2 protein chains.
Amino acid sequence: MARRSCQHRDEDWTLILSDTSGTPTDSTPTEALYFQLFNEIGIISQLSSSAFEKALPHGLTAAQFGVLNHCVRLGDGQTPARLAAAFQVTRGTMTSTLSRLESKGFIRTEPDPKDGRSKRVYLTEAGKTAREDGVAAAAPLFRDVTGALDRAQAEALLQPLQALRKWLDENRNTDFDGL
Amino acid sequence: MARRSCQHRDEDWTLILSDTSGTPTDSTPTEALYFQLFNEIGIISQLSSSAFEKALPHGLTAAQFGVLNHCVRLGDGQTPARLAAAFQVTRGTMTSTLSRLESKGFIRTEPDPKDGRSKRVYLTEAGKTAREDGVAAAAPLFRDVTGALDRAQAEALLQPLQALRKWLDENRNTDFDGL
DNA sequence: CTTGACTAGTTTGATATCATACAATATTCG
DNA sequence: CGAATATTGTATGATATCAAACTAGTCAAG
């Protein structure tokens, strides 16, 4: 009973497996629990990134801002492959995001002098400014969230979520190369 | 991010705001904490739905499976608008997902006799079977996750995440809350 | 009844994302 | 050296998703 926004939320996952077999076993409620957990996570992801993108200036998407921010924080001159690995998206996805950032004049690329296959990605001045603007626009959102979850609760959540993320990351079908 | 999901992972959010102001205040680390929290959530959402879709048969996507599952659990004959609300996607998104399900022969639609604007969505036999197959294919994934997070940990995570989701859901149309 | 406002569903145009396939360059090894 | 293999970036075709514009049906006031 909610309204719009993003993906598939809906408490349904809760019971996805609850009605599969006539004979409830030990594993059935466990599966339902994890379905529900991943469903909540999916909903939160959708709602938060949706709100984030609405706040971002210059028509920046979360993916685009992420790249700008990464370049500011960890430095210019990385290759698309490295960026794709950092964000854990395919290289094709990164190609697309970088091309949009380049269209907007927020990055520029140069061929890698040491490797004929590679490029290097550099921020432009406009890109640095856009990133600053994005940070300023997003900050209030995160401050408000404190109303839903205080610092202590957020910190308590972080540890197990990181463990879960790490596990998922290591156990995925090594489709694209790590790093 | 989801993807499927979609998003940007990378521990960057951790420090997104850490280097914004020259004078660190109390709020700065708090913002960074929440950035990191939402980042982890985004990553998990992406990785889990990606793994889920890889396991699903019949070329079903998570969105498509969700609709089939919803119809099995909560009953046939709902309108697209109701489904869109249940999954919290736009009606346009639901139109798209339903049309694909209809192409695959998993649902059929009929005009609503009481309201000339509406349709009713019904599962076909093939749709019911596909949903069963999907449940069977997905179940092992969720059992495996136990290795990363045991039942007790998952349950402990669920409560605060539900609270966070609820807060985000309630505060999303207010103009400056978003997150 | 006619008008105005609201709802249902669709369409279009953008993005992100994935999988797959491909060309060009690098690397490894027999 | 030269062939097999690996990696880089790109292109293509699907899907999901949103926002916004649009058509059509419903409903409440006058």
Side-chain angles (χ1 to χ4, degrees), chain A residues 3-9 42 45-47 49-54 56 59-67 78-85 87-104 109 111-121 172-173 175-179, chain B residues 1-9 42 45-47 49-54 56 59-67 78-85 87-104 109 111-121 172:
Chain A
R3 294 133 309 255
R4 33 147 278 209
S5 228
C6 297
Q7 213 150 40
H8 22 238
R9 30 301 267 286
S45 169
Q46 297 282 329
L47 292 176
S49 72
S50 169
F52 186 38
E53 293 194 352
K54 280 178 193 162
L56 284 175
L60 282 173
T61 63
Q64 291 168 18
F65 173 80
V67 170
Q78 299 197 21
T79 65
R82 250 183 95 78
L83 290 170
F87 288 87
Q88 290 177 240
V89 295
T90 62
R91 293 191 297 279
T93 296
M94 188 51 64
T95 295
S96 167
T97 297
L98 291 176
S99 74
R100 287 171 222 287
L101 282 172
E102 196 158 24
S103 297
K104 291 179 178 177
T109 57
D112 185 328
K114 298 184 177 180
D115 188 332
R117 301 166 300 181
S118 272
K119 289 163 104 179
R120 296 284 171 170
V121 175
R172 77 198 142 132
N173 291 343
D175 242 6
F176 36 71
D177 46 286
L179 203 277
Chain B
M1 355 113 107
R3 80 161 130 156
R4 94 208 107 2
S5 322
C6 356
Q7 226 132 57
H8 26 225
R9 30 301 262 291
S45 170
Q46 227 174 350
L47 292 176
S49 73
S50 170
F52 185 39
E53 292 195 350
K54 279 177 191 164
L56 283 175
L60 283 173
T61 64
Q64 291 168 18
F65 174 80
V67 171
Q78 298 198 22
T79 66
R82 250 183 92 77
L83 290 170
F87 289 87
Q88 288 177 240
V89 294
T90 62
R91 295 192 300 281
T93 295
M94 188 52 64
T95 295
S96 167
T97 297
L98 291 176
S99 74
R100 286 170 223 287
L101 282 172
E102 196 159 22
S103 298
K104 291 179 178 178
T109 58
D112 186 327
K114 299 184 176 179
D115 189 332
R117 301 166 299 182
S118 272
K119 290 163 102 179
R120 296 284 171 170
V121 176
R172 86 183 114 100

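Note that this is a predicted model, so its numbers are computed, not measured. Each chain gets a letter, A, B and so on, in the order its sequence line appears, and its residues count up from 1.
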Using atom types as modelled and distance alone, determine if a side-chain donor or acceptor of B/Q64 lies under 3.5 Å from a backbone N or O of B/L101. no
Give one of base, sugar-phosphate or nothing for A/T61, where a contact means two heavy atoms less than 4.0 Å apart. sugar-phosphate
Starting from P on C/dC18, measure out to CZ on A/F87 and report it in whole angstrom. 13 Å
Can B/R91 and B/T95 be counted as having a side-chain donor-acceptor contact under 3.5 angstrom? no
Does any part of the side chain of B/T79, heavy atoms only, come nearer than 4.5 Å to the side chain of B/R120, both counted from C-beta? yes
Would you say A/K54 places a side-chain N or O within less than 4.0 Å of OP1 or OP2 belonging to D/dA19? yes
Just how far, in rounded Å, is C1' of C/dA14 from CG of A/L56? 16 Å
Is the shortest heavy-atom distance from the side chain of B/V121 to the side chain of B/L83 under 4.5 Å? yes
Considering only heavy side-chain atoms of A/P80, the closest of D/dG9, D/dT15, C/dT15 is D/dG9
Taking 4.0 angstrom as the limit, do B/K114 and B/D112 come out as a salt bridge? no
C/dA19 P sits how many Å from B/Q46 CD, rounded? 11 Å
Closest to the side chain of B/T90, out of D/dT15, D/dA19, C/dT15, is D/dA19
With sugar-phosphate meaning primed atoms plus P, OP1 and OP2, does B/T95 contact a base, only sugar-phosphate, or nothing at under 4.0 Å between heavy atoms? base
Report the distance from atom CG of B/L98 to atom P of C/dT10, rounded to the nearest whole Å. 8 Å
Side-chain N or O of B/K114 less than 4.0 angstrom from OP1 or OP2 on D/dG25? no
Contact class for A/D115 vs. all strands (heavy atom < 4.0 Å): base, sugar-phosphate, or nothing? sugar-phosphate
Donor-acceptor check, side chain of A/T97 to backbone of A/M94, threshold 3.5 angstrom: yes or no? no
Out of D/dA16, C/dT17, D/dT8, which nucleotide sits closest to the side chain of A/S118? D/dT8
Send over the distance from B/E102 CD to C/dG9 P, rounded to a whole Å. 13 Å
For B/G92, answer base if it contacts any base atom (sugar-phosphate contacts may also be present), sugar-phosphate if it contacts only those atoms, and nothing otherwise; contact means non-hydrogen atoms under 4.0 Å. base
Answer with yes or no whether B/R117 presents, from its side chain, a donor or acceptor under 3.5 Å of a partner atom in the base of D/dT26. no
Value in whole Å for how far the P atom of D/dA14 lies from CD of B/Q64: 14 Å
Calculate the interatomic distance between A/L60 atom CG and C/dA16 atom P; express it in whole Å. 10 Å
For D/dT8, does the base pair up with any side-chain atom of A/R91 as donor and acceptor (N or O, under 3.5 Å, distance only)? no
Of the listed nucleotides (C/dC18, D/dA16, C/dG9), which one gets closest to any side-chain atom of B/T93? D/dA16
Starting at the 5' end of DNA chain C, which residue's closest nucleotide do you reach first, A/G116 or B/M94? B/M94
Between atom CG in A/D112 and atom P in D/dG9, what is the gap in whole Å? 8 Å
